[in-house]
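So the structure is just underneath, and the comments pick up after that.
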Amino acid sequence: MDLGLHNRTGIVVGGSRGIGKAIAFELADAGVNLALVARNPERLQAAAEEIAEATGQLVVPLACDVSDRNQVDAMVAHATEKLGSLHILINSGSAPGGSATAVGSIETIVDEDFLQDFNVKYLGALRCARACLPHMQQAGWGRIVNISGLNARIAGNLSGGARNTSLVHLTKTLANQFGRDGITVNCIHPGITRTERTPGLLQSRAQRRGVSAEEIEAADYAPGSPRSNAIGRMVDASEIAHLTAFLCSDKAWAVTGTTIAADGGGSNAVYY
């Protein structure tokens, strides 16, 4: 299916690894020229070269700390200069789960770390959107996809819940504000997702329990397991990328201001 993305341009924040990198691959494969954004210049350069070589698209690596507004504004200006226009923004820049000292019980929370988690994920997305939206308005076409997380719907992780719930609110607010400018804004809640970090995490759990990584994963997705879902397996980052590309496409005009859980049907809750 032609998604209508040839010759579009975009920024993928958090594009050097994980879900962000999978999304960058998918968009570039659909014909989008990209700026990849992350804090680690070496990892960023390697990811940009890998995606460019595989897809033949222009992929520009831009190191940026999204907790700093001046850096964000400079990054977006640089990206627009290199790409010639700006149509798409993917906000996927944050540590999965949050800082170790911001996700436990309330008496163990370190305020500064909690605020930094919020500063990167929520305010980082806000800063990037604020800098990108004028370029989308000028083009008369834009797509913003915020990669949030199911901690917004599951009590327990104070940092993840606060950041992800706020990102949903930002999504709907921007969708209402900019829809008549030809800009859609949507949010995705990934659940547990297979990325390049997954084998190491499974192996670490397996060693502690004296079993194989394959056995750990099979047990996780066995019927009745707390980690299991409707499809009986872990969702892959590429599947989050497929959904993201659709939301960025010309086929998805009717979808804006909404949040989609992409966890393989991991929750029994009914949302209506």
Side-chain angles (χ1 to χ4, degrees), residues 1-37 47-62 76 79-92 125 128-129 132-148 171-172 174-175 178-190 193-195 231 235-265:
M1 180 173 62
D2 182 5
L3 297 177
L5 290 174
H6 290 285
N7 299 318
R8 295 295 186 186
T9 57
I11 292 172
V12 180
V13 179
S16 66
R17 60 180 176 175
I19 290 173
K21 184 179 178 182
I23 291 170
F25 256 114
E26 187 75 13
L27 291 177
D29 196 49
V32 180
N33 291 322
L34 293 172
L36 287 195
V37 176
E49 290 176 359
E50 181 184 358
I51 295 168
E53 182 177 353
T55 64
Q57 295 299 124
L58 174 64
V59 183
V60 181
L62 295 176
V76 171
T80 306
E81 179 184 358
K82 290 289 187 181
L83 299 173
S85 59
L86 186 58
H87 303 107
I88 295 167
L89 169 65
I90 309 298
N91 282 312
S92 185
C128 290
C132 290
L133 279 161
H135 299 286
M136 297 178 183
Q137 287 177 299
Q138 183 178 0
W141 194 101
R143 299 286 187 266
I144 298 175
V145 180
N146 296 316
I147 306 301
S148 182
T171 296
K172 180 60 174 173
L174 294 181
F178 294 97
R180 293 181 184 274
D181 294 319
I183 300 167
T184 67
V185 188
N186 289 291
C187 185
I188 297 174
H189 279 338
T193 304
R194 189 184 307 279
T195 68
I231 63 176
V235 172
D236 191 80
S238 64
E239 295 172 296
I240 307 298
H242 298 329
L243 174 59
T244 305
F246 172 73
L247 291 175
C248 289
S249 77
D250 264 336
K251 309 295 185 184
W253 278 108
V255 185
T256 191
T258 197
T259 300
I260 301 172
D263 65 340

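- His189 has its side chain within reach of Thr259: a pair of non-hydrogen atoms, C-beta onward, lies under 4.5 Å apart.
- Of the candidates Asn186, Val145, Ile260, Thr244 forms a side-chain contact (heavy atoms from CB on, under 4.5 Å) with just one, namely Val145.
- Listed by chain and residue number, Val76, Leu86, His135 satisfy the side chain to side chain contact (heavy atoms under 4.5 Å, CB included) test with Thr80 (two or more places apart in sequence, or in another chain).
- At least one side-chain heavy atom of Asp250 sits less than 4.5 Å from a side-chain heavy atom of Arg143.
- Two residues are said to be in side-chain contact when any heavy atoms from C-beta on lie closer than 4.5 Å; Leu5 and Ile88 meet this criterion.
- Considering every non-hydrogen atom in both Ala79 and Ile11, the closest pair reads CB-CD1, 3.8 Å.
- Residues satisfying the side chain to side chain contact (heavy atoms under 4.5 Å, CB included) test with Ala252, not counting sequence neighbours, are Phe246, Ser249.
- For Val59 against Pro61, the heavy-atom pair with the smallest separation is O-CD, 3.6 Å.
- Taken from CG in Asn91 to SG in Cys128, the straight-line distance is 5.0 Å, to the nearest 0.5 Å.
- Of all heavy-atom pairs between Ala139 and His87, the closest is CB-CD2, 3.9 Å.
- Other residues, nucleotides and ligands place no more than 12 heavy atoms under 6.0 Å from the CD atom of Gln138.
- The side chain to side chain contact (heavy atoms under 4.5 Å, CB included) test applied to Leu133 returns Ala129, Met136, Ile144, Leu174, Phe178, Ile183, not counting sequence neighbours.
- Between Val255 and Leu247, some side-chain heavy-atom pair lies under the 4.5 Å cut-off.
- In terms of modelled atom types and a separation under 3.5 Å, the side chain of Asn33 and the main chain of Leu58 share a donor-acceptor contact.
- For the pair Thr256 and Thr258, the minimum side-chain heavy-atom distance is 4.5 Å or more.
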Val60/Leu34 under side-chain contact (heavy atoms from CB on, under 4.5 Å): CA gap, chis, key distance, verdict: CA-CA 6 Å; Val60 181; Leu34 293 172; over 6 Å; no

Residues 19-31, side-chain donor-acceptor partners within the protein, below 3.5 Å, at least two apart:
from	atom 1	to	atom 2	distance (Å)
Lys21	NZ	Glu50	OE1	2.7
Glu26	OE1	His242	ND1	3.3
Glu26	OE2	His242	ND1	3.1

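- Listed by chain and number, the residues in a side chain to side chain contact (heavy atoms under 4.5 Å, CB included) with Asn7 amount to none (sequence neighbours excluded).
- Not counting sequence neighbours, the partners of Arg194 by the salt bridge (charged side-chain N to carboxylate O under 4.0 Å, His left out) test are Glu217.
- Ile90 has its side chain out of reach of Val13: every pair of non-hydrogen atoms, C-beta onward, lies at least 4.5 Å apart.
- Expressed to the nearest 0.5 Å, how far CG of Asp263 lies from CD1 of Ile188 amounts to 12.0 Å.
- Counting heavy atoms from C-beta outward, Val185 and Asn146 have side chains that approach closer than 4.5 Å.
- Gly15 approaches Leu36 most closely through the heavy-atom pair O-CD1, 3.6 Å.
- For the atom pair CD1 (Ile51) and CD (Gln57), the distance works out to 11.0 Å, reported to the nearest 0.5 Å.
- A donor-acceptor pair is defined here as one N or O able to donate and one able to accept, closer than 3.5 Å; such a pair exists between the side chain of Thr9 and the backbone of Ser85.
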